[in-house]
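Because only heavy atoms are used, hydrogens play no part in the values below, and waters and symmetry mates are left out as well, while side chains stay in.
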Amino acid sequence: YTNYPTLDTLWNYKNPIYSFLAERGFYTVDSATSNYNFTPFSLGSILNLQYLNTAGYYLERNIDNFYIGLGVYKNNQLFRFFKDQQYQLSVFSLLEDTKEVAGLGNFAPDEPVTWLRKQTLEKLYLDPWIAHKFKQIFVRKKGLPDPVVNSLRFYADYNKRALEHIQGVCAQTSKPGAAPLFSFTHFIVPHSPYVFDENGKPSFVTTSPQTGMQDYLAQVKYANSIIREITQCLLKDSSRKKIIILQGDHGFREFPVSYQKDEYGAFCAVYFYNKDYSSLRKNLSHVNTYRLVLNKFFNDTLPLLKDSIVLWNKNRRTTQE
């Protein structure tokens, strides 16, 4: 989910969700940036409160690095911190279980054994598009390959389950003696594939690259409806002192190479129950988010890191700007 300036400049869309959240007491980090443009690395960096010790080819968006990033996410410092503080944790994320990743099928990174098998005649079986082509020729089968449709259905179902998770958390009121709660919910929207229209109606077809920006904007509008729903739900109950953080782990990633830096513009809005936002600023990068939270509410003294984006190029060089 990209940030306000990127949507305004490249889509000519003045995102109304920022004013909606500001009216409800949020601080909107309008020009926020992610530090990485790859989900497991971005989330790993946010939840470990630091830049990752990676360079060169380790930042390429491929299957090997996906699973490296998965390990970084699963062993993150923030979840351990809240466990040590006797918090109850409620976590729903694609990265929690490799079965969830596999459920995305064609839209997930292949296991190494799969891409090796695709170098053999097994590709006729493993590649749904090849099998589908034969069916089109011999049995006149129309539409998308069944495995691709199943993956799109999984994507829609995953986001439904993510919403149900946060609704369940939202329904929990604080009782005397109850443990404090840390909840983390990971949506895959407005991320591609663009299954939803702006009203949240799913359509199990693949879209054209030529309409990618248009389809993305429709899912931004749907994501806004989710944000409105969960925000109203979370703020309705005042029995807990709440800190709410809404973030995109990276922005739109289908730009030409010349727009690579725009992939790092990322949505961010923060709610503190005491409404003291003196430590925040409009151009904060995600790596500092929980450093600020722990300093402010847990009496920590973590120094803020330089706000940078970590770029990787095809020459396997890494730059931090």
Side-chain angles (χ1 to χ4, degrees), residues 1-3 21 25-54 69-96 162 165-166 169 179-187 227 230-231 234-235 240-251 264-310 320:
Y1 193 141
T2 194
N3 62 17
L21 292 169
F26 279 75
Y27 181 90
T28 59
V29 189
D30 300 20
S31 300
T33 54
S34 62
N35 307 98
Y36 299 87
N37 65 348
F38 189 30
T39 294
F41 285 170
S42 181
L43 289 183
S45 174
I46 292 168
L47 299 176
N48 281 290
L49 291 72
Q50 61 188 349
Y51 290 97
L52 306 179
N53 185 22
T54 55
L70 205 62
V72 173
Y73 161 83
K74 286 188 173 183
N75 296 291
N76 73 77
Q77 294 184 30
L78 193 71
F79 288 4
R80 290 202 304 272
F81 172 83
F82 282 116
K83 285 180 182 178
D84 292 343
Q85 296 289 319
Q86 305 303 308
Y87 271 66
Q88 173 192 349
L89 266 65
S90 180
V91 178
F92 182 90
S93 173
L94 181 79
L95 303 183
E96 284 290 306
H165 175 260
I166 202 167
V169 170
L181 174 67
F182 174 79
S183 174
F184 179 80
T185 306
H186 177 194
F187 287 87
I227 291 171
I230 63 179
T231 298
L234 288 168
L235 294 179
R240 293 183 187 270
K241 293 180 178 179
K242 292 181 178 173
I243 298 169
I244 305 169
I245 297 170
L246 305 169
Q247 287 183 321
D249 61 325
H250 55 74
Y264 293 77
F267 178 82
C268 183
V270 177
Y271 178 89
F272 292 160
Y273 61 83
N274 64 2
K275 307 293 183 11
D276 178 6
Y277 300 118
S278 57
S279 58
L280 300 180
R281 60 182 185 276
K282 292 293 185 179
N283 62 346
L284 194 71
S285 78
H286 288 357
V287 73
N288 282 313
T289 306
Y290 286 100
R291 285 177 172 260
L292 287 166
V293 169
L294 297 192
N295 288 348
K296 188 173 188 64
F297 295 100
F298 294 89
N299 299 315
D300 221 325
T301 55
L302 297 169
L304 295 189
L305 304 179
K306 180 182 178 181
D307 291 309
S308 302
I309 61 175
V310 182
Q320 191 164 330

* To do: Examine distances only and state if a side-chain atom of N283 and a backbone atom of S31 form a donor-acceptor pair shorter than 3.5 Å.
  => no
* Residues two or more places apart in sequence or in another chain: which of them pass side chain to side chain donor-acceptor pair (under 3.5 Å) with K242? -> none
* Backbone N or O of Y36 within a donor-acceptor pair of the S34 side chain at under 3.5 Å? -> yes
* Sole residue of N295, L302, L78, D300 in side chain to side chain contact (heavy atoms under 4.5 Å, CB included) with Y290 -> L78
* **Pair Y1 + F187: ring centers closer than 6.0 Å** => no
* Asked: Strictly by modelled atom types, are T185 and H165 linked by a side-chain donor-acceptor pair under 3.5 Å?
  -> yes
* Between F82 and F298, does the ring centroid distance fall short of 6.0 Å? -> yes
* Matching residue for Y271 among Y27, F26, Y277 - test: ring pair (Phe, Tyr, Trp, His ring centres under 6.0 Å) -> F26
* **Sidechain-backbone polar pair: N288 side chain, L305 backbone, donor-acceptor under 3.5 Å** => yes
* Quick check: are there more than 12 heavy atoms from other residues, nucleotides or ligands sitting under 6.0 Å from NZ of K74? -> yes
* Asked: Do any N or O atoms from the side chain of N76 and from the backbone of F79 form a donor-acceptor pair under 3.5 angstrom?
  -> yes
* Structure fact -> Applying side-chain contact (heavy atoms from CB on, under 4.5 Å) to D249 and not counting sequence neighbours gives T39, S42, L43
* Between F182 and F81, is a ring pair (Phe, Tyr, Trp, His ring centres under 6.0 Å) present by the stated rule, with each step listed? -> CA-CA 11 Å; F182 174 79; F81 172 83; 9.5 Å; no
* Identify, with sequence neighbours excluded, every residue that meets side chain to side chain donor-acceptor pair (under 3.5 Å) alongside D276. => S278, K296
